[in-house]
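A quick write-up on the structure given underneath.
Quick note: numbers below take in every heavy atom, side chains included, and nothing from hydrogens, waters or symmetry partners.
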Amino acid sequence: MKRLLILLLALPLVGMSLPAERILPKTLEIKTLAWYGDQAKAWEMETATSVANASAWLNYYTASVFAQQPPQKLTEIIHQMEMSVPNSFELLVVKGWNKGLTSEAQTLLKTAYARNPERPETYALLQLLSEFELDHSGRSQFSDRLLKGTQVSSSLLNYSYNVLQSVEPSSILITEGENTTIPLYMLQDAYGIRKDVCIINLEMLNDANYLQRKFKAANITYTNSGPWNVSALCAMLPKENVGKKFYYALTIPKENVHSIKEYLYVVGLASLHSLTNVDNISQIRKNLEKEFLMDYLLVDFNGKSSHDAGKQFSPNYLLPMILLYESYIKEGSIKKARELKKVMEKIAQDTGNESIIARFLDNAPEGIPYYPSKVNIKSVDDGFRQVYQTIYAFDTEVTNEQYNLFLNYLKDHNLTDLYEKYKFDYSEYSEPTLSLMKGYSSNHIPTKKNKGFSTYPAVNLSYEAAVAYCDWLTEQYNRSTEHKFKKVKFRLPSLNEWQLAAAAIKNPTSLNPNEQKVEVRITPPGKEFDKNHEKRMVSLSDADILYPWFRYYGLRNSPINSRGCYLGNFKVSDQITCPGIQKVGLGAADGFFAMSATKVYFPNDIGLYDVVGNVAEMIQEKGKACGGSWNHVPEESTIKSINSYTKPDAAVGFRIFMEVIEK
């Protein structure tokens, strides 16, 4: 039987040469395995110098248990105690703990309790032993003792209260671990809270006799047809007890519920098992908004340490909070979303999870509720070109016309805060450039005769604005009845995805551009289109492959074709060599002083325009954009160029990629 131990100590300290500290119960404080190991060594030194110090021996044994020392080591400590502190209260307690949930342990601990009923070290295991015997009176007695002896952290009691509130009336709550089960018993026994809930501790079920008695008392059916194990039990109980609701505490190790994970729905601090779909978001909403005690997460009323037991379990709130946060965002409950965000950030800060929650919050566009819009979904589908398997890229950079449709959506639905957050940023400009940029990005209605700048790439936008646009379009697409794919996600591309798309690799073997072999044509200088060219397979990682027209080998290193015309919109000299531009009389050698309209230059071999030049295109890594721009020289505008930006810029735009989730 796996031993269940709660070591509840209230011991006086004596002078020590090593930094030995009192070992508190894990219902009060939880520290690292290494810390307990160091403390075991420190208390061992103390027992060597103060052999008759029973408190030191108790701390030594406790630290050794929490450091997960092997059983033979614990037995050795007990033998040493029998010689050093015989007939002591501490020896009786240690022997009782070492016996686990047995009648012998109960005898030892009751003897120690009778000797000194005010000392709390016996309370926890006697509470568990009472439950083990289904002795409700005894369990209540020691739950009261634990409460009065302040042996359970107030934050852990708050957490445990919220666990109980996560489940529906007369349900079955599966737990594991004494530290998370003891406070649940306390709440039921000492406070009368949720006594309708049947609590089952998986570790205690290792005893077949207790399992049979507990299940009979709770009217639970269980047929053991094979070797007993926790995972099989968790899977079998709902199957054999149709009509009963089983909840699994979030503190249960994942491996014990792995076989049923697809049937578990997080509803708070527990997951409900269900074979049919469950609207768990509404249950999370009810629990977090109405049922849970939440103040303790934001205000430290008692000056708790970072190792406080309840605080150690606080990260379990983050998953249901993230699900509710996303729901708030979708429905436009901005105020609620912001309030919940503060709670999540506080929990993350207190528990060292800042980076995890920051990544989620940074990538979650705030407050874009769904309403039907004027997006032409068919034209969206028509613009995508396959890059690799389920990854597609739009044929042009997002244009002013397309982005203004998004801004108009925000204005039309009075989403003023979001409009201000995601609108074009002109903060770096002064007149006359300010008026020029406003005119460039303005919401111009294009006509056949005057398209204005509607087909030019949208620029002067933040990274967050680009992400928000992608997520807004995702929602519009997935809710449409005219879409080609059942479910997709529009997003910025990864670096590998962008480079693979820019290089126009047909039938790539992976998403890694450097793993691709491509065919190029070798022609004599000045005869790039000679039909008698040589074909050669080269790696895309070849340093000479820089532009999307690399397949014409004689042109691969040059941004200019054989007639002296630039093949993209770059930062170039004023010396005009292209006959067409000379004839028209344009002042720039590539035809444009700044941004150009999309689809002006030839596309690459999969149909993508302007993958080099025009505007650099944002990728998933914030502050990085690829392909160069009108403000980058050709050498900085290749399919391998990674350009940096720190704020919205007239030389930076974005291209949306589509990931097909469900066809």
Side-chain angles (χ1 to χ4, degrees), residues 393-404 407 422-442 452-467 469-470 492-493 495 498-499 501-502 546-548 559-560 566-574 586-601 604 608-657:
F394 202 71
D395 60 355
T396 70
E397 294 142 344
V398 173
T399 65
N400 285 322
E401 181 180 7
Q402 292 165 337
Y403 195 79
N404 273 306
L407 292 181
Y422 299 133
K423 69 181 182 180
F424 294 104
D425 186 342
Y426 307 118
S427 59
E428 296 296 313
Y429 300 108
S430 58
E431 295 295 356
T433 309
L434 176 60
S435 294
L436 290 172
M437 293 311 304
K438 285 184 176 180
Y440 172 86
S441 303
S442 65
F453 294 101
S454 61
T455 60
Y456 283 59
V459 296
N460 294 315
L461 295 169
S462 68
Y463 171 87
E464 290 75 19
V467 171
Y469 176 86
C470 291
L492 298 179
L495 175 61
W498 189 93
Q499 290 184 339
L546 300 174
Y547 298 102
I560 303 174
Y566 280 95
L567 297 171
N569 181 9
F570 310 115
K571 182 179 182 179
V572 297
S573 70
D574 294 335
L586 296 174
D590 58 2
F592 298 92
F593 288 107
M595 297 76 73
S596 67
T598 57
K599 297 189 177 182
V600 168
Y601 297 93
N604 69 6
L608 305 184
Y609 295 86
D610 300 311
V611 290
V612 293
N614 208 13
V615 294
E617 299 175 7
M618 299 181 199
I619 59 174
Q620 287 177 354
E621 184 180 351
K622 187 176 180 179
K624 302 296 182 184
C626 292
S629 73
W630 63 269
N631 202 29
H632 291 88
V633 296
E635 293 76 16
E636 297 173 342
S637 302
T638 73
I639 60 175
K640 296 177 181 177
S641 296
I642 303 174
N643 316 109
S644 298
Y645 65 95
T646 57
K647 57 192 176 216
D649 194 301
V652 178
F654 68 102
R655 182 190 304 267
I656 56 174
F657 275 55

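- Side-chain contact between T598 and D610 is present, with at least one heavy-atom pair separated by less than 4.5 Å.
- The CG atom of N460 lies 8.5 Å from the OG atom of S427; values are rounded to the nearest 0.5 Å.
- At least one donor-acceptor pair closer than 3.5 Å links the side chain of S641 to the backbone N or O of E636.
- Between T455 and T399, the shortest heavy-atom contact is O-CG2, 3.7 Å.
- Residue C626 comes nearest to N643 through the heavy atom pair C-OD1, 3.9 Å, listed as atom of the first residue, atom of the second, then distance.
- When atom types are taken as modelled, the side chain of Y429 and the backbone of S435 share no donor-acceptor pair closer than 3.5 angstrom.
- In this structure, E397 CD and N614 CG are separated by 5.0 Å, a value rounded to the nearest 0.5 Å.
- Atoms CD1 and CD, on I639 and Q499 in that order, are 7.5 Å from each other to the nearest 0.5 Å.
- Closest approach of R655 to P493, counting heavy atoms only: O-CD, 4.0 Å.
- With hydrogens and angles ignored, the 3.5 Å screen pairs a side-chain donor or acceptor of W630 with a backbone N or O of A650.
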Query - side chain to side chain contact (heavy atoms under 4.5 Å, CB included) evaluation trace for V615 with M595 - result: CA-CA 7 Å; V615 294; M595 297 76 73; 3.9 Å; yes

Requested in this report: Please step through ring pair (Phe, Tyr, Trp, His ring centres under 6.0 Å) for the pair F424 and Y403, ending with a clear verdict.
Outcome: CA-CA 10 Å; F424 294 104; Y403 195 79; 5.4 Å; yes

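- Looking at S629 and N631, their side chains never bring a donor and an acceptor atom within 3.5 Å of each other.
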Report task. Start with the C-alpha gap between Y422 and Y469, add the side-chain angles, then the distance that decides, and say whether ring pair (Phe, Tyr, Trp, His ring centres under 6.0 Å) holds. Result -> CA-CA 9 Å; Y422 299 133; Y469 176 86; over 10 Å; no

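- We find the CE-OH distance between M618 and Y463 to be 9.5 Å, quoted to the nearest 0.5 Å.
- Shown here for V652 and A625, the closest heavy-atom pair between the two residues is CG1-CB, 4.3 Å.
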Query raised in the report: After noting the C-alpha distance and the side-chain angles of Y609 and V600, does the key distance pass the side chain to side chain contact (heavy atoms under 4.5 Å, CB included) rule?
Result: CA-CA 8 Å; Y609 295 86; V600 168; over 6 Å; no

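- The closest donor-acceptor contact from the side chain of Y547 to the backbone of P634 lies under 3.5 Å.
- To the nearest 0.5 Å, the span separating CG on L434 from CD on E428 amounts to 11.5 Å.
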Query raised in the report: Between K599 and T396, does a side chain to side chain contact (heavy atoms under 4.5 Å, CB included) hold up when you go through it step by step?
Result: CA-CA 7 Å; K599 297 189 177 182; T396 70; 3.6 Å; yes

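- At a threshold of 4.5 Å between non-hydrogen side-chain atoms, the residues D425 and S462 do not count as touching.
- Atom-to-atom distance recorded for K624:NZ and L492:CG is 15.0 Å, nearest 0.5 angstrom.
- N400 contributes no side-chain N or O that, together with a main-chain N or O of S441, makes up a donor-acceptor pair within less than 3.5 Å.
- The aromatic rings of Y456 and Y440 stand perpendicular to each other, their planes meeting at an angle above 60°, with 30° marking the opposite boundary.
- Evaluated for a side chain to side chain contact (heavy atoms under 4.5 Å, CB included) with P548, the options V611, T638, L567, L608 yield exactly one hit, V611.
- Of all the heavy atoms in A501 and F657, the pair that sits closest is CB-CZ, 3.8 Å.
- Shown here for C470 and I656, the closest heavy-atom pair between the two residues is SG-CG2, 3.5 Å.
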**Report entry** Test log, rule side chain to side chain contact (heavy atoms under 4.5 Å, CB included), inputs I642 and E621
**Finding:** CA-CA 11 Å; I642 303 174; E621 184 180 351; over 6 Å; no

